[in-house]
Structures are given as structure tokens and as C-alpha cells.
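The structure appears right after this line, and notes come after that.
Just so it is clear, the structure is predicted and the values come from calculations on it, not from any experiment.
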There are 2 protein chains.
Amino acid sequence: MDKLLREKEILEAAVKIFAQYGYKKATVDDVASRAGMTKGNLYFFFRSKKELYERTVRYGLQNWRDSIASAIREIGLVEERFYVMALRAYEYLDNHEDLRAVVEKDPAIFSLSPDEDRFHDINLGAMDIMRDILNQGVVSGVFYPMDVNHMTEFLFSVYIMFLIRAYVKSEGSSVSTMYREGLLMMMRGLCRNGFSAPPETA
Amino acid sequence: MDKLLREKEILEAAVKIFAQYGYKKATVDDVASRAGMTKGNLYFFFRSKKELYERTVRYGLQNWRDSIASAIREIGLVEERFYVMALRAYEYLDNHEDLRAVVEKDPAIFSLSPDEDRFHDINLGAMDIMRDILNQGVVSGVFYPMDVNHMTEFLFSVYIMFLIRAYVKSEGSSVSTMYREGLLMMMRGLCRNGFSAPPETA
DNA sequence: ATATTGACTTTTTTACCATAATAGTCAATA
DNA sequence: TATTGACTATTATGGTAAAAAAGTCAATAT
């Protein structure tokens with residue numbers, strides 16, 4: 001029973017193909033042959049091209065979220081946990097070329113409005129991480145009192161917008177500078193006792 | 001010499017037509033006859049349909065900016081000036097149905113990236129207003145020290161994004177709640193001596 | 001039973017062309 | 001200088017045949 005493993009192999013092939021050609025230009029045959037099988041067999045694992053694509057993107061987004069979750073797990077201070085989360089999540093695509101290429105070719109993967117977000121369930125998971133941190137900050141008195149749900153949505157929107165500008169529109173480093181400047185300002189807006197950036201942790 | 005007046009009449013006709021049909025479906029004949037003239041004559045005032053459209057949108061955006069500028073002119077406290085600007089600018093489209101309809105049919109009017117923003121020159125004017133306030137806040141010591149240019153770009157991006165969500169995607173009141181919650185947080189992030197919302201001014 | 005194939009059918013995309021609709025021009029003229 | 005209407009040029013639309021790709025399935029190997 002290594003069907004799951006085989007699926008994963010297909011997804012690894014698919015992300016390469018979709019990264020190179022985009023959803024429309026990529027053919028199911030391309031993916032199948034890259035995965036070392038025929039199209040007919042690929043359909044044994046996936047119902048349709050659309051499902052294959054969605055599973056591929058999902059797989060990438062889940063890894064992203066998991067990577068952030070584990071990056072902040074050991075951090076004790078709630079404000080630092082938030083800060084590191086915001087920076088690491090933002091920088092993630094720098095080291096994940098394939099996913100980044102897929103996103104560049106399909107900007108709608110990042111949607112600002114929940115109802116047109118095909119991957120909203122995954123984003124909800126990412127927002128959960130953020131919401132947890134905000135909640136902990138509020139109950140521990142480190143953060144100002146706030147409507148945590150609305151604040152989560154607000155901050156997540158800002159985060160997604162800058163992802164779009166940096167990676168979908170490829171506006172480069174000036175956007176990153178702006179993001180960091182804005183992040184420090186927002187950290188001050190969250191923390192009751194002020195906030196200053198911790199020293200760089202390579 | 002009332003050529004400018006005649007142009008303005010055409011623009012008033014044009015905004016109605018573009019609001020109803022959008023750029024593509026609207027015809028130059030539609031606009032001309034609404035302005036009480038023939039197409040041939042309209043081309044005496046405007047070179048092309050494209051130019052007519054751009055001038056129409058420009059006209060709307062300039063009025064918007066001017067309206068905000070005069071709304072905050074009398075306000076003495078720098079933090080209140082910023083706060084009122086942010087709220088008023090955001091709510092402007094509520095009372096300007098035509099411009100709003102044009103924007104809904106052509107979402108690209110609001111662009112997050114400067115290089116694909118057809119109306120960037122006007123947005124620069126709007127950003128100037130914001131930058132001035134930030135500068136005054138910093139030099140007077142009301143605001144934290146900051147890189148004013150980057151902060152202006154950051155805040156303007158956030159503002160545009162929420163405009164898009166509220167008016168282009170028509171996500172309604174939940175977005176407005178989120179915007180206000182986020183705005184208060186950012187005001188705290190800007191002001192060295194804290195900030196709490198002033199009482200409602202009808 | 002599970003996985004795989006290749007030939008097969010169905011659906012979608014593309015390329016072409018004719019036609020209609022609309023953008024844009026201009027000589028005449030008020 | 002402003003305006004018109006008849007004119008031309010360009011762009012959008014709809015129909016269609018060919019090509020390409022999606023999706024199916026009976027046969028078969030593991």
C-alpha cells in the first residue's frame with residue numbers, strides 16, 4: 001500500500017511541470033511522463049487535470065504552513081513569535097522556486113477575498129496560527145486588547161497583499177523594505193510595552 | 001473660451017455612460033449623444049476613446065483627492081488629521097456611485113504596483129498628502145521616528161487594498177470593521193503617546 | 001485486487017474567415 | 001472654433017473545420 005507515496009511522486013512531478021508551463025500550457029501527458037507513467041495510469045490516481053493541479057498547489061501551501069509552524073514552535077516570547085512568523089512566512093518563497101513559479105503564473109492562488117479563494121481552507125489553517133498568537137498575546141497582557149478575529153483578518157490581508165506584490169508582481173527588494181518597516185510599526189501597535197526588532201537570527 | 005467647460009460637460013456625460021456599461025461596452029456614440037453632440041465633434045475635444053476614458057477616471061480621482069485634502073485642512077492635531085484622512089478617503093466611494101461603478105467594472109484602476117498603475121501620477125498626489133502628515137508627525141515628535149517614504153508606501157498599499165476589497169470585490173461591512181480595527185492598531189503604532197479614537201463626528 | 005497500458009471517445013482550443021459593430025477621419029459648413 | 005454626417009479603418013463577433021488535449025475503458029501484467 002504505497003499509493004500515497006505514488007501520489008506524492010506524481011505531485012512532485014506535477015509541481016515541476018506546472019512551474020514551467022503554467023496550468024493551461026501544461027498537459028496531463030507532460031506530468032505523466034515526467035512521473036514515469038502514462039496518462040491513463042495517472043487518471044487512476046487523480047480524477048481530472050483540475051484536481052491534480054489543486055492537489056499540487058495544496059501540497060505546496062501545506063508544506064509552507066507546516067514550515068512556519070515548526071519555525072516558531074520553540075520561541076517563548078509571544079511578540080517574538082509573531083514577529084518571526086511574519087518574516088519567515090514572507091520570505092518562504094525565496095527558497096522555493098517551483099512553488100513561486102506556479103504562483104507567478106497563477107496569481108489568483110493568492111486571493112484577498114475569502115469567497116474567491118480556491119485554497120481558503122488552507123489559508124484558514126495559516127490564520128489559525130496567527131490567531132493563536134494574538135490570543136496568547138492578549139490574555140498574557142503583552143498585546144493591547146483587541147477584536148482578535150478582525151485583527152487576524154486584517155493582518156493576514158496585509159501579509160497576502162505584500163506576498164502578491166513581492167512574488168506575483170516581482171517588485172523585489174523595495175517591497176521587502178516596506179514590509180519590514182510596516183511590520184515594525186504594527187508590532188508597536190500590538191505591543192503594550194513597546195517593541196524593537198530582535199537582533200538578526202541567521 | 002469655454003472649451004474647458006465643454007470638456008467638463010463631456011466628462012460628466014462620460015462618467016455616467018462608463019458607469020453604466022463599462023469601458024468596453026460603452027460606445028463613443030453613447031457618450032456623444034448623452035453630451036448632446038455627435039461623435040465627430042467629440043473627437044474635436046478628445047483624441048480617442050482611450051483618452052476620453054482616462055480623462056474621465058482622472059477627473060473622478062482628482063475630485064476624490066481634493067475632497068480629502070479640504071476635509072482635513074482645518075484639523076489641528078496631526079494624529080487626528082491622519083486618522084480622519086484614512087477614514088474619509090476610505091468612505092468616499094459610498095457617496096459617489098458613478099465613480100464606484102466605474103471602478104467595479106475596471107478593477108485595474110486600483111493597482112498595488114506602481115508600474116502597472118495607469119493613474120500613478122494621481123496616486124502620487126494622494127500619497128503626498130499622507131507623506132506630509134507623517135513628516136509633520138515625526139518632526140513634531142507626535143509620531144515615532146520612521147522612514148517616512150517607505151511608511152507612506154506601506155500605508156498607501158494597505159489603504160488601496162482595503163478599497164479593493166470593499167468596493168471592487170464588494171465585500172461589504174465586515175471589511176470596513178476590519179479596516180477600522182486595523183487602523184486603530186496602526187495609529188498606536190505611529191503615535192508615541194498612544195492613540196484612542198476621537199468621538200464620532202457626523 | 002491493484003496498477004498499468006494504449007487505443008479510443010469526448011471536449012476544448014485554435015485558426016480561419018466572413019460579417020457586423022464600432023473607432024476614428026475629414027471635407028463641408030454654421 | 002465648433003459642429004456635422006458621410007466616409008474609412010479597425011476591432012469584435014460568430015460560425016466552423018481541424019488540431020490538440022482531456023478523459024474513458026477493456027485488456028493485461030503484477
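The closest side-chain donor-acceptor pair between B/S157 and A/R165 falls under 3.5 angstrom.
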- Between A/K8 and A/E12, is a salt bridge (Lys or Arg N to Asp or Glu O under 4.0 Å) present by the stated rule, with each step listed? CA-CA 6 Å; A/K8 209 173 146 182; A/E12 303 283 359; 5.3 Å; no
- Task: Go ahead and write out DNA chain C as dot-bracket, 5' to 3': ( ) for pairs within the strand, [ ] for ones crossing earlier pairs, | when the partner sits on another strand, dots for unpaired; Watson-Crick or G-U wobble, both distances under 3.5 Å.
- Result: ||||||||||||||||||||||||||||||
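Residues passing the salt bridge (Lys or Arg N to Asp or Glu O under 4.0 Å) test with B/R180, sequence neighbours excluded: none. Applying the side chain to side chain contact (heavy atoms under 4.5 Å, CB included) test to A/A14 and every residue at least two apart in sequence or in another chain returns A/F18, A/V31, A/L52, A/T56. Not counting sequence neighbours, the partners of A/N149 by the side chain to side chain donor-acceptor pair (under 3.5 Å) test are A/R131. Every salt bridge (Lys or Arg N to Asp or Glu O under 4.0 Å) that A/D106 has, sequence neighbours left out, goes to A/R118. Under the rule for a side chain to side chain donor-acceptor pair (under 3.5 Å), the partners of B/S176 that lie at least two apart in sequence or sit in another chain are B/Y90. Considering only residues two or more places apart in sequence or on other chains, A/K169 meets the salt bridge (Lys or Arg N to Asp or Glu O under 4.0 Å) condition with B/E116. Partners of A/V168 by side chain to side chain contact (heavy atoms under 4.5 Å, CB included), not counting sequence neighbours, listed by chain and number: A/V103, A/P107, A/F110, A/I164. Residues forming a side chain to side chain donor-acceptor pair (under 3.5 Å) with B/D121 (at least two apart in sequence, or on another chain): B/R58.
DNA chain D lies under 4.0 Å from at least one heavy atom of each of the following residues of residues 36-43 of chain B: B/M37, B/T38, B/G40, B/N41. Taking a 4.0 Å limit (strictly below) on heavy-atom distances, residues 6-34 of chain B reaches DNA chain C at B/A26, B/T27, B/V28.
Taking the centre and axis of the six-membered ring of B/Y21, the NZ or CZ atom of B/K16 falls outside the cone set by 45° and 6.0 Å.
Ring-centre distance between A/Y92 and A/H96: below the 6.0 Å cut-off.
The nearest whole Å value for the distance from the NZ atom in B/K50 to the P atom in D/dT11 is 12 Å. Going from atom CG of B/L4 over to atom P of D/dA2 covers 10 Å, rounded to whole Å. Rounded to whole angstrom, the span from the NZ atom of B/K49 across to the C1' atom of D/dA12 amounts to 11 Å.
Counting heavy atoms from C-beta outward, B/R6 and B/M37 have side chains that approach closer than 4.5 Å.
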Atom pairs, N/O to N/O, protein against nucleotides 27-30 of chain C, distance under 3.5 Å?
none

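Residue B/F44 has its side chain nearest to D/dT3 when only C/dT4, D/dA22, D/dT3 are considered.
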